Every structure is written in C-alpha cells, then in structure tokens.
Amino acid sequence: MKRKIFYILLIVLTFFGVLVNGSGFSWFLLFFEILFAISMAVWAHLAAKKIKTELELDQPFIFRGDTEKAVLKIHNPMAFPVPDIQAGVILSDPVAEGQESRKTVHVAASGKGKDKWQFQVQPVHCGIVKVQIRELRVYDYLGLFYGKISVPLLKGAFAVLPQIHPLVLEKEPENGAEQGEQWENVLAGLGSDSQEIFDTRVYQRGDAMKNIHWKLSAKAEDLLVKEFSMPMDLRVPVFLDTRVKDPDKFTAEDKDRFLDLAASLGNYFVENQIAFEFCWMTEDHMEKYMVEDPDSLYQGLRELLLIPYFKAEEAKEGIFTEKEKDVLPVRILTTGEICVGDQMYGNLGV
C-alpha cells in the first residue's frame with residue numbers, strides 16, 4: 001500500500017510538472033509512468049496464471065521435540081524471474097482443535113526454473129499437525145500490483161509421535177499362553193477371538209475348506225482363503241487405561257507423558273523381540289493394534305494419537321476390575337505409571 005501511495009504521488013507531481021512547463025519531456029515522463037504501471041499490473045496477472053506450485057512435507061511423522069521441514073516448490077516457466085511471491089502459511093494446533101497459527105512469507109522464483117522455499121515446524125505436543133498454504137500472490141517488480149495464483153488448496157499433514165525413552169523392566173511380562181484359563185476367560189469377556197484375519201489369498205490345493213472367505217470369494221469370483229495373524233495367546237497385550245479422574249485437569253503435558261510411556265514400552269518390546277499389541281477402549285468396544293517391528297510400532301503410535309479418554313466413572317466396567325488386573329500382563333495408566341503383573345513402575349524417567 002505504501003508503494004502504491006508513493007507511486008501515485010509521483011504521477012501527481014509529474015502531472016503538475018506538465019501543467020507548469022508543458023515540456024515534451026514532462027509529457028513523456030507522465031505517459032511512461034502510467035503505461036509502466038499498467039504493464040506491471042498485466043504482467044503480475046499473467047505470471048500468476050503460469051506459475052505452478054506444490055507443497056511437500058519432509059516426512060510423514062516426527063517425534064515430539066524434533067523439527068519437521070516443509071518445502072514449497074515453485075515452477076516458473078517464463079523467461080523473466082519473479083521477484084516476490086507471497087504465501088500465506090497456516091498451521092493447525094495439534095492439541096487445541098480449531099486453533100491455528102498463521103504467517104506470511106515472501107519467496108522469489110528465477111526465470112525458466114524451479115525454486116524451493118523451506119520452512120521448519122517444531123510442535124510442542126503430540127498430535128496431528130495440518131499444514132496449509134491458502135493464498136499465493138505474485139507481485140510485480142515495483143511491488144504495486146499482484147495476481148493470485150489460482151491453484152487448489154495446498155495442504156499436508158504429519159504426525160507428532162511421542163518421545164521414546166530407554167526403559168529397563170525388572171520383570172518380563174507374561175503373554176496370554178502363560179496366563180492359562182484366567183486369560184482365556186478375559187478374552188471371552190472382551191469378545192476376542194484367539195486369531196484375527198490378517199489378509200486373504202487365492203485358494204491353493206490342500207487349504208482347509210473352513211478357512212475359505214465365502215463373501216469375498218463371491219465378489220472376486222474366485223476362492224479366497226483367510227490368512228490369520230499371530231495367535232492372540234502368543235502376544236503380550238498392553239492395555240492403555242485411558243480413564244482420567246478429571247478431564248479438565250488432564251493437560252496436554254499429561255497426555256504427552258502417557259503416550260511417551262506407551263512409546264517407550266513398545267520400543268522396549270520391539271528391541272527385545274517380544275510380540276505385543278496395544279489395546280484400548282472406545283465407547284462401546286475394544287480396539288487393538290498388533291506390533292511386530294519398528295515400522296508397525298510407529299504406525300501404532302500414530303493410531304494412539306486419536307484414542308479417546310474417559311472420565312473414571314464413565315469407563316466401561318468389566319475391563320479393569322480388580323480381579324482382571326491380576327491377569328492383564330501390562331497396563332499403562334494416565335497417572336504416569338506402568339503396571340507389569342503385580343509390579344508398578346512410576347514414570348521411568350519419562
């Protein structure tokens with residue numbers, strides 16, 4: 001705006017100069033200033049139509065405390081360089097839903113080339129961060145006029161996973177097979193099968209007829225056989241007790257500590273080649289996520305970012321009763337403790 005005001009004053013002064021002396025140079029200068037402004041406005045709009053942009057995130061997830069790098073790619077097919085492209089960047093808050101932080105950046109693009117502009121984000125808490133670039137403007141060489149780059153909304157998202165801390169457990173957890181009949185009763189009460197369908201494949205000679213997936217076979221017009229995951233009784237269930245005493249006092253820091261415990265314990269199991277699965281309650285059923293290696297651990301931690309938390313008296317009864325606590329191998333509490341069998345570990349440096 002200041003530049004426009006300055007340029008208008010320049011034209012006005014030139015016009016007064018024409019009125020005072022009326023020389024040919026004064027007229028030339030006045031027409032040049034007006035035509036140059038018009039040409040700059042036209043150039044800015046034409047350039048905005050030709051420039052192509054793309055938003056790229058460095059990685060799909062980071063750990064809390066790390067930095068994510070986002071890249072705005074700009075392709076300028078014109079021979080003339082673009083001196084100023086203004087981008088409006090919007091970042092969603094991973095904790096406070098609906099809250100956003102905004103900032104405006106200025107980048108340039110060379111003629112007939114591709115340029116990149118990088119910016120870094122370091123979220124404080126765990127969660128999903130959305131990155132958006134809403135409005136892109138191309139300014140002329142004097143910064144007087146601009147044209148809007150008409151592109152679809154550029155957006156991306158990345159997960160901020162909990163931190164992994166070194167843990168040492170004095171007592172190795174028991175799996176379902178070691179719990180015997182008591183554990184089977186717990187599974188029956190939760191409505192869980194000893195095996196879960198992991199995938200399907202084409203029927204091969206010798207496959208049991210009872211393992212044929214008839215519904216999918218009808219759709220595929222070919223016999224498909226169910227492939228099962230590891231039996232439940234060979235894995236260690238890690239129950240995430242998401243009940244909180246007072247939801248209003250359960251802060252983002254408390255949630256980070258709870259998720260850090262889950263991440264640290266999960267990493268301990270992966271390093272020691274202990275098969276396990278995360279288990280947590282929703283409003284009407286129990287969710288489970290099996291972890292076998294680092295990749296599935298990271299994906300499982302991403303799932304944990306969206307788990308619900310319940311007020312203590314609203315939690316589903318029958319899952320964490322005193323009797324069942326004796327046979328639940330591992331529990332992680334929102335108060336910041338890990339229970340392994342009858343032993344309780346507090347915070348563990350997390």
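Small disclaimer: the values here were computed from a predicted structure and weren't measured.
Of the possible polar contacts, none joining the T67 side chain to the Q120 backbone as a donor-acceptor pair under 3.5 Å is found. A donor-acceptor pair is defined here as one N or O able to donate and one able to accept, closer than 3.5 Å; no such pair exists between the side chain of Q118 and the backbone of L72. A donor-acceptor pair under 3.5 Å links the side-chain atoms of S92 to the main chain of K130, judged by distance alone. Listed for the D260 side chain is a donor-acceptor partner under 3.5 Å among the backbone atoms of Q163. Counting only distance, with no hydrogens or angles, the side chain of N272 and the backbone of I274 share no donor-acceptor pair below 3.5 Å. Between the S264 side chain and the H165 main chain, a donor and an acceptor come within less than 3.5 Å of each other. Between the D241 side chain and the T334 main chain, no donor and acceptor come within less than 3.5 Å of each other. The closest donor-acceptor contact from the side chain of N267 to the backbone of A263 lies at 3.5 Å or more, if one exists at all. Side-chain atoms of Y7 come within 3.5 Å of backbone atoms of E33 as a donor-acceptor pair (strictly under, hydrogens ignored). Side chain of S296 to main chain of D293: a donor-acceptor pair is present (N/O by atom type, distance under 3.5 Å, no hydrogens or angles).
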Which atom pairs, one a donor and one an acceptor, fall under 3.5 Å between side chains of residues 136-143 and the rest of the protein, sequence neighbours left out?
residue, atom, partner, partner atom, Å
R137, NE, E135, OE1, 3.0
R137, NH2, E135, OE1, 3.1
D140, OD1, L142, N, 2.7
D140, OD1, G143, N, 3.2
D140, OD2, L144, N, 3.0
D140, OD2, F145, N, 2.5
Y141, OH, P81, O, 2.7

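For the atom pair CD1 of I74 and NZ of K52, the computed distance is 13.5 Å after rounding to the nearest 0.5 Å.
N76 is linked by a side chain to side chain donor-acceptor pair (under 3.5 Å) to nothing, counting only residues two or more places apart in sequence or in another chain. Here D93 pairs with nothing under the side chain to side chain donor-acceptor pair (under 3.5 Å) rule; sequence neighbours left out.
Ring geometry, Y298 versus F61: the interplanar angle falls from 30° to 60°, so the pair is classed tilted. Ring-plane geometry between F32 and F28 is classed as parallel, the angle between the planes falling under 30 degrees on a 0 to 90 degree scale with a further cut at 60.
When each of V238, L301, V270, V236 is checked for a side chain to side chain contact (heavy atoms under 4.5 Å, CB included) with V291, only V270 meets the rule.
Salt bridge annotation for E100-R102: present, with a cationic side-chain nitrogen under 4.0 angstrom from a carboxylate oxygen. Using a 4.0 Å cut-off between charged nitrogen and carboxylate oxygen, D254 and R257 count as a salt-bridge pair.
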